[in-house]
Amino acid sequence: MDKLQISGGVALRGEIAISGAKNAALPLLCAALLTREPVTFTHVPHLNDIGTMLRLLEQIGVKVAREAGKDAAGDTVTLDASALDNPLAPYELVKTMRAAILVLGPLVARAGEAKVSLPGGCAIGARPVDQHIKGLTAMGAEISVEHGYVHAQATRLKGARIFTDMVTVTGTENLMMAACLGTGETIIENAAREPEVVDLATCLNAMGARVSGAGSDVIRIQGVEALHGATHRVMPDRIETGTYLCAAAATGGDVRLTGTSSAYLDAVIDKLMDTGCEITSERDAIRLKAPARLNAVSIRTAPYPAFPTDMQAQFMAINAVADGTAVIRETIFENRFMHAVELIRLGADIKIDGNTAFVKGVAELQGATVMATDLRASASLVIAGLVAQGETVIERIYHLDRGYEALDQKLSALGARVARLK
Ligand code: EPZ
């Protein structure tokens, strides 16, 4: 079980490249199921979750070719789904990566059948998939949920008007992919507006789909007979970008991140500027210069373009050492404050009341041994460890490896004293 050892107190300085977005790459890889022709993706981040998804696709019958990229350019992955022979996503895989649910829509649309394990809950919440099922049922799929599996069948999905009860990112993505091969028009209302949804729609249209409205809360899809191959570059990871900006902010640093931009991070950039950081945006880079001490900033998470829930834990870490008291409201997931108790072990002053956290900035944090519980909570502990006096050891960092490519190398390149312990 790998651990990360950090000797805090160093201001991060320098330049690193941002990887392709995990939450764009995962649905994009599933889109390849929709066509018999090869689809190539570039700038695919080298992450454990990507490896898990590729293993799942291979089990379904997809031929996978993966070529490591130079430097931080990510991998080039070509998928050939011409012969699907096993439309099954088993529990053993799905329980380690909930995004496996994203094969459900494409498999029903392309193969007429899918058997996908219910993802079950995770550290941050119950994470049901009822909206995915509701939408596919509206499109005419026969769906049964038995023995922990969703079993869906359809000779051919038909266009439908779907109103999701809440904004769901992978729900929108699953239904958008399924509708591409249906008959007639599908309208998804209350659709997720996240940039990753737009990136997926761009790729689907390059494959011959007819998707419009992605990025708004109403997406229209005209079904077509078949899709063809394409080549698509995965968009930069806006959450990785935000995470390193927070690390630089907390440590009083000055960093430049390349291969990314502030384009999809307005809510986060605004809040970082409120803390007193100076942000310079370039066409495909972003620079942050931090003050000696940050002002506390309150946040409330909500669907895009509002403040992203995936940046909530990182902002709790920077508020732990800021001037003043911050109020953090988490409105998306019911249990996404697991990092708070670990931050308190490092000396943070945090009170939790339901889905609200009150964070009172302290003069300094002290290094300690802490435990990662989920991906973004782990990132929050890394940020706190970078700014704490003394040594912090973070256990169970497999959570980090799921979503942050070469994290220790990138932090070391910015001057952090960090080591991965076996
Ligand atoms: C995606 O998860 C992301 N994962 C998450 O990132 C992100 O936190 C989340 O969107 C919100 O932005 C990927 O894209 C792979 P939702 P997803 O469906 O799609 C409820 C990370 O750290 N809901 O938008 O699973 C759900 O319980 C991960 O990279 C239902 O009730 O999230 C939640 O409260 C964590 N029924 C809310 O909606 C459904 O059928 C939003 O969930 C679907 C969702």
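Both ligands and their constituent atoms are indexed starting at 1 by order of listing. Not measured: the values here are computed from a predicted model.
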For this session: Starting from atom 32 (O) of ligand 1, locate the nearest protein heavy atom and write down its residue, its atom name and how far away it is, to 0.1 Å.
Result: Phe333 CZ, 4.0 Å
For this session: Would you mind checking which non-hydrogen protein atom is closest to atom 22 (O) of ligand 1, with the distance to 0.1 Å?
Result: Arg376 NE, 2.9 Å
Seminar exercise, completed: The atoms of ligand 1 lying under 4.0 Å from a heavy atom of Val129, numbered in the order shown, are 39 (C), 40 (O)
Problem set entry | Arg287 and Glu282 ion-paired at < 4.0 Å | no
Problem set entry | Atom CD of Glu334 with >12 non-hydrogen neighbours under 6.0 angstrom | yes
Seminar exercise, completed: The closest protein heavy-atom partner of atom 39 (C) of ligand 1 is Pro128 O, 3.0 Å
Problem set entry | Under 4.0 Å to a heavy atom of His132 - the qualifying atoms of ligand 1, by number | 40 (O)
For this session: Examine Lys351 relative to Phe358 and say whether NZ or CZ is less than 6.0 Å from the centre of the six-membered ring and inside a 45° cone about the ring axis.
Result: no
Seminar exercise, completed: On a heavy-atom basis, the closest approach of Ile188 and Met176 is CD1-N, 3.7 Å
For this session: Among all protein heavy atoms, pick the one closest to atom 1 (C) of ligand 1 and tell me residue, atom and distance.
Result: Val169 CB, 3.9 Å
Exercise. Among Ile133, Ile332, Thr172, whose heavy atom sits nearest atom 33 (C) of ligand 1?
Worked result: Ile332
Exercise. Would one find an N or O of Gly171, backbone or side chain, under 3.5 Å from an N or O of ligand 1?
Worked result: no
Exercise. Where does Thr168 meet ligand 1, judged by heavy-atom distances below 4.0 Å: at the side chain, the backbone, both, or neither?
Worked result: both
Exercise. Which of the numbered atoms in ligand 1 are below 4.0 angstrom from a heavy atom of Gln131?
Worked result: 36 (N), 39 (C), 40 (O)
Exercise. So, are Arg329 and Asp353 salt-bridged, with charged N and O less than 4.0 Å apart?
Worked result: no
Problem set entry | Test of ring centre spacing under 6.0 Å for Phe307 and Phe315 | yes
Exercise. What part of Asp310, side chain from CB on, backbone N/CA/C/O, both or neither, has a heavy atom under 4.0 Å from ligand 1?
Worked result: side chain
Seminar exercise, completed: Numbered in order shown, the ligand 1 atoms found under 4.0 Å of a heavy atom of Val167 are 24 (O), 41 (C)
Exercise. Less than 4.0 Å between a side-chain N and a carboxylate O, is that true for Asp2 and Arg396?
Worked result: no
Exercise. Starting from atom 19 (O) of ligand 1, which protein heavy atom do you reach first, and at what distance in Å?
Worked result: Thr170 OG1, 2.6 Å
Problem set entry | Atom of Pro45, atom of Arg66 and distance for their closest heavy-atom approach | O-NH2, 4.3 Å
For this session: For atom 2 (O) of ligand 1, find the nearest protein heavy atom and state the residue, atom name and distance (0.1 Å precision).
Result: Arg127 NH2, 3.5 Å
Exercise. How about Leu200 and Glu196: do any of their side-chain heavy atoms sit closer than 4.5 Å?
Worked result: no
Exercise. Is it the side chain (CB and beyond), the backbone, both or neither of Lys22 that lies under 4.0 Å from ligand 1, heavy atoms counted?
Worked result: side chain
Problem set entry | Residue and atom name of the nearest protein heavy atom (relative to atom 36 (N) of ligand 1), distance in Å to one decimal | Asp130 OD1, 2.8 Å
Problem set entry | Carboxylate-amine/guanidinium contact Arg402 Asp374, below 4.0 Å | no
Problem set entry | Subset of ligand 1 atoms that lie under 4.0 Å from at least one heavy atom of Thr309 | 8 (O), 11 (C), 12 (O)
Exercise. Of the protein's non-hydrogen atoms, which lies at the shortest distance from atom 3 (C) of ligand 1, and what is that distance?
Worked result: Asn23 ND2, 3.7 Å
Seminar exercise, completed: Tested for side chain to side chain contact (heavy atoms under 4.5 Å, CB included) against Ile286, the lone hit among Thr258, Leu257, Ile18, Val255 is Leu257
Problem set entry | Result of checking Glu330, Arg336, Gln312 against Thr301 for side chain to side chain donor-acceptor pair (under 3.5 Å) | Glu330
Seminar exercise, completed: So the atoms of ligand 1 within less than 4.0 Å of a heavy atom of Arg336 turn out to be 8 (O), 22 (O), 35 (C)
